[in-house]
Amino acid sequence: MQRTKIKEILTQEKTDYTVNVKGWVRSFRNNQFIALNDGSCLGNIQVVIGLDAAEDVVKYITNGACISVDGTVIASLGKGQKVEIKADNVVILGECDPEKFPLQLKNKPSLEYLREIAHLRFRTNTFGAIFRVRHTLAYAVHKFFNDRGFVYLHTPIVTASDAEGAGEMFRVSTLPFDNPPRLEDGSIDYKEDFFGRCTNLTVSGQLEAELGAMALSEVYTFGPTFRAENSNTARHLAEFWMIEPEVAFNDITDNMDLAEDFIRYIIAYAMEHNREDLEFLAQRLVDEEKQKPMNERSELGLIEKLEFVLNNKFERITYTQAIDILLDSPAYKKKKFQYDVKWGIDLQSEHERYLVEKHFKKPVIVTGYPKDIKAFYMRQNDDGKTVAAMDILAPGIGEIVGGSQREERLDKLMTRMEEMHIPTEEMYWYLDTRRFGTTPHAGFGLGFERMVLFVTGMSNIRDVIPFPRTPKNAEF
RNA sequence: UCCUCCUUAGCUCAGUUGGUUAGAGCACAUGACUGUUAAUCAUGGGGUCCCCCGUUCAAGUCGGGGAGGGGGAGCCA
């Protein structure tokens, strides 16, 4: 018999038909009632077996075991579920020794413990919900851009460009570690390496995305990104997924509009398609925060927070305005900030948090940063001091989007690169777009895991990617 | 990398002023019961108290060092 997904049985609520279901046992009560989950949805189907069931089958129906059930869907005789399966035949597909199985759901295992058994944590309600939501968000990313005529551009994972300065990079090499070929001055001879030059894993697909945009008009990337920073925080990964749209003819305002539409669209898509999972995650957050003092709890529930983002425009301010707000804030006057505030500084986490969580209480887009704290490719404003950068700051997450209008004027771009000691000859391919048919264009990068954090209400980025890579951790 | 907290049974955690035999719930085993919803009840097995060194008559408990993890910060997205 063809397998039926548990989601289909639970949502249709039809009765009196025969089915086959397969899944993993979540609980087995009273030698009669199996809570079975196949990952198709949050809920379990209750499978009822007779008290006369074969003993050599019953003894292998343990938490974690994988079973196949043939039976009839009937209206449940008990309370707590509308339909259940009266089993005619149960086959043990995979035994699970309960004494050795590390995942004991009744103990409400901690997120930290589950991280250590990340290969099994998919079998919990929480991680099932997270990864279904993550999938939906990823799908919505492609749907959003596809519906608007963007081309999905696969930018390279291996790159020889280290010009962007977006952080430490992972070296890609086939040279022997212990005895690499060397030049006369003792430095490593990369001409002998696989690519004939020094190569690394990409830290951003932006520069290549710009090349595509300067012909295809609208492109986006969505791929893995690698940073070899020794960052040990709940918001950083060494391997993460980044989305980088790049649009010809867009200015900084178009760029902000695109980012806002994009964020709203994928949240709305998840709200529509993963309502049950999000409601479960909302309840999880409430339960988790019960242990916190009142003043540290979220003002809004998860669902309310997402609805708020859907229904309210993001606040748009300039960097200069942000500094003025901070200087005028009670927190500044009471010397609550650890880092000083003055025009020209890079905004610290505490400053961003104040703006987003205390002052505006909604996502904030900050534009017009001082050029000295931003990357070379950002378009210089007429004031000679600032660039057309934009950062979107989200409550609880911090920077979720970083973007800019790009400097399309060759002379200004070259001058800036020279000031920042970026080799213009090596970057000829980037500069060629400004030499041959240049035009204003803009784009941004969005950290996908940070988006998943925001939507699921989780607080550690290691819990929203299946197998997190962080300093000293590449397990699984 | 810095600050801070934590590490006791397979899991979650208690363990008083340093005191003699380290506990509970869950999980597991055996038995009972059978329309349960984290099923229930009874009985039972289960410990490198993270590691090393030290103080002490005596260390899970105090001190020093180390490892791993959490939270915050920096770097960064």
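A, B, ... follow the sequence lines: proteins, then strands. Residue 1 opens every chain.
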Any [X] side-chain N or O less than 4.0 Å from OP1/OP2 of [N]:
{"X": "A/Arg227", "N": "B/C75", "value": "no"}
{"X": "A/Arg462", "N": "B/G69", "value": "no"}
{"X": "A/Arg353", "N": "B/A73", "value": "yes"}
{"X": "A/Asn230", "N": "B/C75", "value": "no"}

Worksheet entry | Separation between the P atoms of B/A58 and B/A39, rounded to whole Å |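 Between the two P atoms, the distance is 49 Å.
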Item to complete: Using the C1' atom on both, measure B/A14 against B/U40 and round to a whole Å.
Response: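 Going atom to atom, C1' in each nucleotide, I get 25 Å.
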Heavy atoms under 4.0 Å, any strand shown: does [X] hit a base, just sugar-phosphate, or nothing?
{"X": "A/Thr225", "value": "nothing"}
{"X": "A/Gln46", "value": "base"}
{"X": "A/Ser110", "value": "sugar-phosphate"}
{"X": "A/Leu446", "value": "nothing"}
{"X": "A/Asn460", "value": "sugar-phosphate"}
{"X": "A/Ser27", "value": "sugar-phosphate"}
{"X": "A/Arg26", "value": "nothing"}
{"X": "A/Phe444", "value": "nothing"}

Worksheet item: Have A/Glu244 and A/Ser204 got a donor and an acceptor in their side chains that come within less than 3.5 Å?
Response: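 Result is yes, a qualifying pair exists.
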Worksheet item: Of all the nucleotides listed (B/C75, B/G35, B/A77), which has the minimum atom distance to the side chain of A/Arg450?
Response: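 In terms of side-chain proximity for A/Arg450, the closest of B/C75, B/G35, B/A77 is B/A77.
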Worksheet entry | Given B/C75, B/A39, B/A77, the nucleotide with the shortest approach to the side chain of A/Leu237 |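 So the side chain of A/Leu237 is nearest to B/A77.
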NZ or CZ of [X] within 45° of [Y] ring axis and under 6.0 Å:
{"X": "A/Lys143", "Y": "A/Phe145", "result": "no"}
{"X": "A/Lys305", "Y": "A/Phe454", "result": "yes"}
{"X": "A/Arg264", "Y": "A/Phe314", "result": "yes"}

Fill in: Aromatic plane relationship, A/Tyr332 with A/Phe337 - under 30° parallel, 30 to 60° tilted, over 60° perpendicular
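Tilted, since the angle between the ring planes falls between 30° and 60°.
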Worksheet item: Between A/Phe131 and A/Phe122, what is the ring plane arrangement, given parallel below 30°, perpendicular above 60°, and tilted in between?
Response: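 Taking A/Phe122 first and then A/Phe131, their aromatic rings sit tilted (interplane angle of 30° to 60°).
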Rounded to whole Å, please give me the gap between [atom1] in [X] and [atom2] in [N].
{"X": "A/Tyr354", "N": "B/A73", "atom1": "OH", "atom2": "P", "answer": "18 Å"}
{"X": "A/Leu347", "N": "B/C75", "atom1": "CG", "atom2": "C1'", "answer": "16 Å"}
{"X": "A/Phe226", "N": "B/C75", "atom1": "CZ", "atom2": "P", "answer": "24 Å"}
{"X": "A/Lys106", "N": "B/C11", "atom1": "NZ", "atom2": "P", "answer": "18 Å"}
{"X": "A/Tyr113", "N": "B/A27", "atom1": "OH", "atom2": "P", "answer": "15 Å"}
{"X": "A/Leu105", "N": "B/U12", "atom1": "CG", "atom2": "C1'", "answer": "13 Å"}
{"X": "A/Asn473", "N": "B/G70", "atom1": "CG", "atom2": "C1'", "answer": "14 Å"}
{"X": "A/Asn37", "N": "B/A38", "atom1": "CG", "atom2": "C1'", "answer": "16 Å"}

Establish whether the base of [N] is bridged to the side chain of [X] by a donor-acceptor pair shorter than 3.5 Å.
{"X": "A/Gln81", "N": "B/U36", "value": "yes"}
{"X": "A/Glu84", "N": "B/G35", "value": "yes"}
{"X": "A/Gln104", "N": "B/G10", "value": "yes"}

Fill in: Whichever of A/Glu116 and A/Gly78 has its nearest RNA chain B nucleotide further upstream toward 5'
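Taking each residue's closest nucleotide, the earlier one in sequence belongs to A/Gly78.
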Item to complete: Would you mind telling me which residue lines up with the more 5' stretch of RNA chain B, A/Ile400 or A/Thr62, judged by nearest nucleotide?
Response: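 In this pair, the answer is A/Thr62.
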Practice prompt. Compare the aromatic ring of A/Phe33 with the six-membered base ring of B/A39 and state whether they stack according to the 5.5 Å and 30° rule.
Written response: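 Aromatic stack with B/A39 absent for A/Phe33.
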Practice prompt. Locate the shortest heavy-atom distance separating A/Glu229 from A/Pro471; write the atom from each residue and the value.
Written response: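 Answer, listing the atom of A/Glu229 first, then A/Pro471: O-CG, 3.9 Å.
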